[in-house]
Amino acid sequence: MEVDLSLPNQIVRVRAVVMTRDDSSGGWVPLGGGGLSHVVICKGRSHDGRGRREYIIRGERLRDRAPVLECAVQRGLVYNKVNPIFHHWRVEDRKFGLTFQSPADAISFEKGLQTVLDKLDRGSDSPSSSTPEEADTEDDGQAVSI
C-alpha cells in the first residue's frame with residue numbers, strides 16, 4: 001500500500017507515530033516497527049478483499065514508505081482524547097492510537113474524522129455499516145463517541 005498524498009479524496013493528512021494497544025502488557029506500543037508516519041483519512045477501497053469504497057485511515061512510515069495502518073472508519077467509532085497529542089480509537093476488537101507531532105495535527109485529524117462520521121451518520125455517504133460500540137473504560141482519557 002502506498003499512500004498517494006495528492007489524492008483529491010483525501011480528507012486530512014497528519015504526521016504521527018501509529019500505535020496499537022498491547023493488552024498483555026496493558027500499554028500502547030508502536031505499530032509496524034514504529035517511526036513517524038504520514039496518516040491520512042481518505043475515501044478509497046480497502047485492501048481486505050471486499051473491494052467496497054469506504055473511508056479509510058491509512059498510515060505510511062516516512063523513512064521507508066512501509067504501510068503501518070489501514071483501518072476502515074465505521075459508524076459508532078469510539079474516539080478517546082487522552083492528552084493534546086495522543087488520541088486513540090477502537091474498531092471492532094482492534095485498538096489504534098496516534099501520537100501526533102503537535103496539538104494542531106491532533107485537532108486536524110479529529111475534525112477530519114468527525115466530518116467523515118457525520119457523513120456516515122446522516123447516511124449521505126454510507127460506504128460501510130456497523131453497530132455502535134461501547135466506550136473503552138480501561139484507558140485514561142475522555143471517551144468521545146464521534
Side-chain angles (χ1 to χ4, degrees), residues 1-34 36-61 66-101 103-146:
M1 167 188 67
E2 185 171 305
V3 177
D4 184 347
L5 301 176
S6 64
L7 290 176
N9 60 0
Q10 181 177 292
I11 310 299
V12 67
R13 177 181 71 144
V14 297
R15 293 189 327 159
V17 176
V18 179
M19 310 290 281
T20 189
R21 180 80 179 180
D22 179 5
D23 287 328
S24 67
S25 70
W28 290 92
V29 296
L31 191 60
L36 192 60
S37 296
H38 275 132
V39 179
V40 299
I41 301 174
C42 61
K43 189 167 185 180
R45 298 193 188 281
S46 65
H47 296 285
D48 66 1
R50 292 181 295 181
R52 293 186 309 193
R53 287 193 58 81
E54 56 192 346
Y55 291 102
I56 302 166
I57 302 169
R58 288 189 169 137
E60 178 182 273
R61 194 169 44 228
V68 293
L69 173 66
E70 182 171 301
C71 171
V73 178
Q74 300 175 355
R75 291 180 61 212
L77 179 140
V78 176
Y79 193 76
N80 297 283
K81 297 182 282 186
V82 177
N83 63 48
I85 61 165
F86 179 70
H87 298 181
H88 64 87
W89 69 94
R90 181 180 62 185
V91 174
E92 296 168 356
D93 62 342
R94 303 272 328 259
K95 297 174 186 170
F96 302 102
L98 296 175
T99 301
F100 298 97
Q101 289 298 288
D105 279 349
I107 291 167
S108 293
F109 183 85
E110 182 183 3
K111 285 182 179 178
L113 187 58
Q114 180 66 59
T115 298
V116 167
L117 290 168
D118 286 348
K119 287 180 181 182
L120 295 176
D121 285 342
R122 285 194 313 266
S124 63
D125 203 352
S126 54
S128 63
S129 63
S130 81
T131 57
E133 297 190 22
E134 297 294 317
D136 266 346
T137 57
E138 66 195 57
D139 301 309
D140 291 332
Q142 179 181 5
V144 179
S145 183
I146 60 173

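This is a predicted model, so every value here is computed, not measured.
- Side chains of E54 and K43 form no contact here, defined as non-hydrogen atoms less than 4.5 Å apart.
- Between I11 atom CD1 and I57 atom CD1 the span is 11.0 Å, to the nearest 0.5 Å.
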Working note: K111 + V12, criterion side chain to side chain contact (heavy atoms under 4.5 Å, CB included); need CA distance, chi angles, decisive distance, verdict. CA-CA 9 Å; K111 285 182 179 178; V12 67; over 6 Å; no
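- Side-chain contact check for L98 versus V17: every heavy-atom pair is 4.5 Å or farther apart.
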Could you walk me through whether H88 and R21 pass the side chain to side chain contact (heavy atoms under 4.5 Å, CB included) test, one step at a time? CA-CA 9 Å; H88 64 87; R21 180 80 179 180; over 6 Å; no
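- Not counting sequence neighbours, the partners of F96 by the ring-ring contact (aromatic ring centres under 6.0 Å, His included) test are W89.
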Go through it in stages, so that I can follow the logic: the residues are L113 and L77, the test is side chain to side chain contact (heavy atoms under 4.5 Å, CB included), and I'd like the CA-CA distance, side-chain angles, deciding distance and then a yes or no. CA-CA 10 Å; L113 187 58; L77 179 140; 3.9 Å; yes
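- Residue Y55 holds its OH atom at 10.5 Å from CD1 of I41, rounded to the nearest 0.5 Å.
- In this structure, T20 contributes its side chain and K95 its backbone to a donor-acceptor pair below 3.5 Å.
- For P84 against A106, the heavy-atom pair with the smallest separation is O-CB, 3.2 Å.
- What you find for C42 and Q10 is that their closest heavy atoms are CB-CA, 4.0 Å.
- Minimum heavy-atom separation, Y79 to H87: OH-ND1, 2.8 Å.
- Between V68 and E60, the closest heavy-atom pair is CG2-N, 4.2 Å.
- Across every non-hydrogen atom of M19 and T99, the tightest pair is CG-OG1, 3.9 Å.
- Rounding to the nearest 0.5 Å places OG of S37 at 10.0 Å from CD of Q101.
- Note that CD1 of I107 and CD1 of I85 are 12.0 Å apart. Values are rounded to the nearest 0.5 Å.
- When all heavy atoms are compared, the tightest approach of F100 to A16 is CA-CB, 3.9 Å.
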Candidate pair R75 and D121, rule side chain to side chain contact (heavy atoms under 4.5 Å, CB included), full reasoning: CA-CA 7 Å; R75 291 180 61 212; D121 285 342; 3.3 Å; yes
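- Between E110 atom CD and D105 atom CG the span is 13.0 Å, to the nearest 0.5 Å.
- Taken from CD1 in I56 to CD in E70, the straight-line distance is 5.0 Å, to the nearest 0.5 Å.
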